[in-house]
S.K.: 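Sharing a structure below in structure tokens format, with a few things to ask.
If you're wondering where the values come from, they're calculated on a predicted model, not measured in any experiment. Chain identifiers are assigned alphabetically (A, B, ...) following the order of the sequence lines, protein sequences preceding nucleic acid strands; residue numbering begins at 1 within each chain.
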Amino acid sequence: MSPFDTLADPILAAYPDLARSDLAFSVPPKLNLGDVALRTFEAARKLKMAPPAFAQQLAADVDFGEDVEAVNVAGPYANFKLNRATFGKRIVDAVSDQGTQYGSSGVGRSQKALLEHTSINPNASPHVGRARNAMIGDSLARLFRFEGYDLEVQYYVNDIGRQIAFLVLACEDPAGMSFDDMLQTYADANARAESDPQFAEAGYQLLKDIEEGEPEAQKRFRVVTDLCLKGQVAVLGRLGIKYDRFVRESEFVKDERLEGVLDSLRTKDALFTDEEDRVMVDLKKLGREYDEGRYVALLRSNGSSLYFYRDLAYTMFKLEQDASLNVIVLGEDHLLYMQQLQMILEAAGHGCPEPIYYSYILLKDGKMSTRQAQVILLSDFLDEARSRATEKVDAQCTDLDTKERQAIAEHVAVAAIRFAILRVGANKNVIFDWEQSLSFSGDTGPYVQYSCARIASILRKAESRGEVPAEFTLETDTEWALLAKIDAFGEVVQTAMQQRSCAPVAQYALDLARQFTGFYHDCPVVAAPTEALRASRSTLCAATRQTLDNALHLLGIQPLDRM
RNA sequence: GCCCCGAUAGUUCAGUGGAUAGAACGAGGCCCUCCUAAGGCUUAGACGCAGGUUCGAUUCCUGCUCGGGGCGCCA
């Protein structure tokens, strides 16, 4: 129950021509104006009145009951002064009742959802650019589950194709190799394929062999890609990222699911074999207006499949699962590709997964490239972050044992990277900067964790378990501002769902943590002047912590009790 | 050439068709006999350019400039 709703009802009763969406409530720029503001431009227009006049009339005519202490009009704005204790108790009760579900709208309840993310080549240790996909995907997975969806997260393992073939070819003794060797081997193999036509030819032959089911070739691919996949998943696991199902691309080299699609294309005269014997699709026949991206190749001249063909089959496989939410996280380079895929699927009468695009993380001197071994590896980043965090934790938590301190340091490292990536909009390029990404102060994940630790410390000292007292009291603007912030969480979650992005959640977590810090400095809890205030402030701390926990959970960041 | 995305303080990012555009880092000045200084207070500092729509545009539209991505046997 948001304070805004209880204010809207009497207004709508007094002015039947208005709808809830005409009433724009917000927090006033200064708290001395009021606790909640109503902007009247929209409603006044509908009623054909001047906004200031409407605000005056509304303040005079509408009875808001005893929960509203005053309505002050400032030009086109009506500012409400509320009975803060009453509203405050409602907010704190809501958090207490809903606990880990506080903020969820439950829209996804009893609905199935499918999310594909990461899906990188099993060729080497993931770099932070790739990890952006995984972090965005994982935060969306958490968001969808929080909203009640029954979600399956899929990782499409690109375990076949030209570049994997080169890697497999270069791994003469895969059994004796470690995951850490792979980056260099992969880079070398790609360089060699460029300069050594025989090597490249052998790669294509290997590819053809595996597609034709040659057992020895399959085994070689499997050993290498398994080693890589295991290594990648372990590194991503450090970030708390998990997958429900791994689907191998190699399972889709020949797929009967495509028969229907290909038939539809033939019917529309969109399928043809070009002069070089490739099987192609002409999207112009399906209504594409630009020459750009008009043609799509499905099969090589030697009959082996291309990525598009295999992914089309995999996408059909996903569509068969009939999820009400079917989302895929992709790099911005896949935009045209996805448009093409959608056209083909539409031509065959199918829907298409909903794509979420993200832009690249760039290095100061250009793009990260695994192929050229020009990367910041995620594992290197995490190690460096952990070692910096360890220094601080060791100095500050001297009463904890080494194992506990190490665990905290790892959580801080993960918080730093996840927060740094998730808080910026997905369609913005990020220029990677070591010092900035490793910072633990300011607008960072560790700052939010620090607020959590402070709350935990207060609750330990106050020996409070956070029960809401019968009589909730508060006396300062700071306490009210914190309550208003807590109340806003549900709306933030809805915005995140609409935008398909947890960036608003990250921003919110920061705002809430900062708001709490203001409270921390202004309002003593343990040493509160009265028992009633001590109890209410403890409760407010507990509600803040629950809300922070819920927000951090969506971001995949561990709230800490000590740091 | 064509198609997508971006441009807000020195830097990295938020944000909004309407009240005084928010933070952080960096720079200057302060605060630990006070629930964790990974903190707080304080000073200075910003909507790329040009048009248009609107009572009102940083926000919507068009053009331009700059940056990123893409455009037939890579994935």
S.K.: Are Phe440(A) and the base of A38(B) stacked, counting only ring centres nearer than 5.5 Å and planes tilted under 30°?
M.R.: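 Base of A38(B): not stacked against Phe440(A).
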
S.K.: For Asp333(A) and G69(B), give me the distance from atom CG to atom P, rounded to whole Å.
M.R.: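 Rounded to whole Å, this separation is 10 Å.
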
S.K.: With a 4.0 Å cut-off on heavy atoms, is Asn79(A) in touch with a base, just the backbone sugar-phosphate, or nothing at all?
M.R.: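 Here Asn79(A) touches the bases of the nucleic acid.
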
S.K.: To the nearest 0.5 Å, what is the distance between CG (Asp433(A)) and CD1 (Ile361(A))?
M.R.: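 Asp433(A) atom CG to Ile361(A) atom CD1 measures 12.0 Å (nearest 0.5 Å).
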
S.K.: Relative to each other, are the rings of Tyr77(A) and Phe41(A) parallel, tilted or perpendicular (30° and 60° limits)?
M.R.: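 Geometry flag for Phe41(A) against Tyr77(A): perpendicular rings.
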
S.K.: Between Arg534(A) and Glu531(A), is there a salt bridge with N-O shorter than 4.0 Å?
M.R.: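 Result for this pair is yes, salt bridge flagged.
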
S.K.: Glycosidic conformation of C61(B), syn or anti, with 90° from 0 as the boundary?
M.R.: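 Anti, since the glycosidic angle lies more than 90° from 0.
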
S.K.: Does the aromatic ring of Tyr77(A) sit over the six-membered base ring of A19(B), closer than 5.5 Å centre to centre and tilted less than 30°?
M.R.: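 Here Tyr77(A) meets both the 5.5 Å and the 30° conditions.
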
S.K.: Could you give the OH-to-P distance, from Tyr290(A) to G70(B), as a whole number of Å?
M.R.: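 After rounding, the reported distance stands at 19 Å.
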
S.K.: Is there a side-chain polar atom (N or O) of Arg454(A) under 4.0 Å from OP1 or OP2 of A38(B)?
M.R.: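 So the side chain of Arg454(A) is outside the cut-off, no N or O lying under 4.0 Å from OP1 or OP2 of A38(B).
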
S.K.: Describe, in one word, how the ring planes of Phe166(A) and Tyr204(A) are oriented to each other, choosing from parallel (under 30°), tilted (30 to 60°) and perpendicular (over 60°).
M.R.: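 The rings of Phe166(A) and Tyr204(A) stand perpendicular, inter-plane angle above 60°.
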
S.K.: Whole angstrom is fine here: how far is it from OH in Tyr295(A) over to C1' in G72(B)?
M.R.: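 Computing the Tyr295(A):OH to G72(B):C1' distance gives 9 Å.
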
S.K.: Strictly distance-based, threshold 3.5 Å: is any side-chain N or O of Glu194(A) a donor or acceptor partner for the main-chain N or O of Ala191(A)?
M.R.: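 It does not hold such a pair.
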
S.K.: When rounded to the nearest 0.5 angstrom, what distance separates OG in Ser304(A) from CZ in Arg310(A)?
M.R.: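 Separation between the atoms: 8.0 Å.
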
S.K.: Would you mind reading off the distance between Asp522(A) atom CG and C41(B) atom P, rounded to a whole angstrom?
M.R.: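 To the nearest whole Å, that distance equals 9 Å.
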
S.K.: Do the rings of Phe432(A) and Phe381(A) sit parallel, tilted or perpendicular, given the 30° and 60° boundaries?
M.R.: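 The rings of Phe432(A) and Phe381(A) stand perpendicular, inter-plane angle above 60°.
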
S.K.: Which residue is it: Gln154(A), Glu251(A), Glu249(A)? I am looking for the one with a side chain to side chain donor-acceptor pair (under 3.5 Å) to Tyr314(A).
M.R.: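 So, applying the side chain to side chain donor-acceptor pair (under 3.5 Å) to Tyr314(A) and each of Gln154(A), Glu251(A), Glu249(A), only Gln154(A) qualifies.
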
S.K.: Rounded to whole angstroms, how far apart are CZ on Arg388(A) and P on A38(B)?
M.R.: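 From Arg388(A) CZ to A38(B) P: 17 Å.
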
S.K.: Just the atom pairs and distances: protein N or O near nucleotides 24-27 of chain B's N or O, under 3.5 Å.
M.R.:
from, atom 1, to, atom 2, distance (Å)
A24(B), O4', Asp443(A), OD1, 3.0
A24(B), O4', Asp443(A), OD2, 3.1
A24(B), O2', Asp443(A), N, 3.3

S.K.: Salt-bridge test for Asp291(A) and Lys284(A): reply yes if a basic N is under 4.0 Å from a carboxylate O, no otherwise.
M.R.: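 Between Lys284(A) and Asp291(A) there is a salt bridge, with a charged N closer than 4.0 Å to a carboxylate O.
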
S.K.: Does A23(B) have a Watson-Crick or wobble partner in any strand here, with both distances under 3.5 angstrom, and which is it?
M.R.: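 Its partner is U12(B).
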
S.K.: Phe519(A) vs Phe516(A) aromatic rings, parallel, tilted or perpendicular, using cut-offs 30° and 60°?
M.R.: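 Phe519(A) and Phe516(A): tilted rings.
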
S.K.: Figure out the OH/P separation between Tyr520(A) and U36(B), and round it to whole Å.
M.R.: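 One finds 5 Å between P of U36(B) and OH of Tyr520(A), rounded.
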
S.K.: Salt bridge check: are Lys318(A) and Asp311(A) linked by an N-O gap of less than 4.0 Å?
M.R.: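 Answer for the salt bridge query: no.
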
S.K.: Quick test: give all pairs of protein nitrogen or oxygen and nucleotides 5-8 of chain B nitrogen or oxygen below 3.5 Å, distance rounded to 0.1 Å.
M.R.:
from, atom 1, to, atom 2, distance (Å)
C5(B), O2', Asn427(A), O, 3.1

S.K.: If you find the nucleotide of RNA chain B closest to Ala297(A) and the one closest to Ser26(A), which residue's nucleotide is nearer the 5' end?
M.R.: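 Result of the comparison: Ser26(A).
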
S.K.: Return the value, rounded to whole Å, for the distance between atom CE of Met563(A) and atom P of A38(B).
M.R.: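 The answer, rounded to whole Å, is 9 Å.
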
S.K.: Could you say whether Arg278(A) or Leu510(A) is positioned toward the 5' end of RNA chain B, judged by the nucleotide with the nearest heavy atom to each?
M.R.: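 Comparing both residues, the 5'-ward one is Leu510(A).
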
S.K.: Quick one: which protein N/O atoms are closer than 3.5 Å to N/O atoms of nucleotides 54-62 of chain B? Pair and distance per line, please.
M.R.:
from, atom 1, to, atom 2, distance (Å)
C55(B), N4, Arg45(A), NH2, 2.3

S.K.: What is the distance, to the nearest angstrom, from the CD atom on Gln507(A) to the C1' atom on G15(B)?
M.R.: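 Whole-Å distance recorded here is 8 Å.
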
S.K.: Look at atom CZ of Arg130(A) and say whether more than 12 heavy atoms of other residues, nucleotides or ligands are closer to it than 6.0 Å.
M.R.: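 No, the 6.0 Å shell around CZ holds no more than 12 heavy atoms from other groups.
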
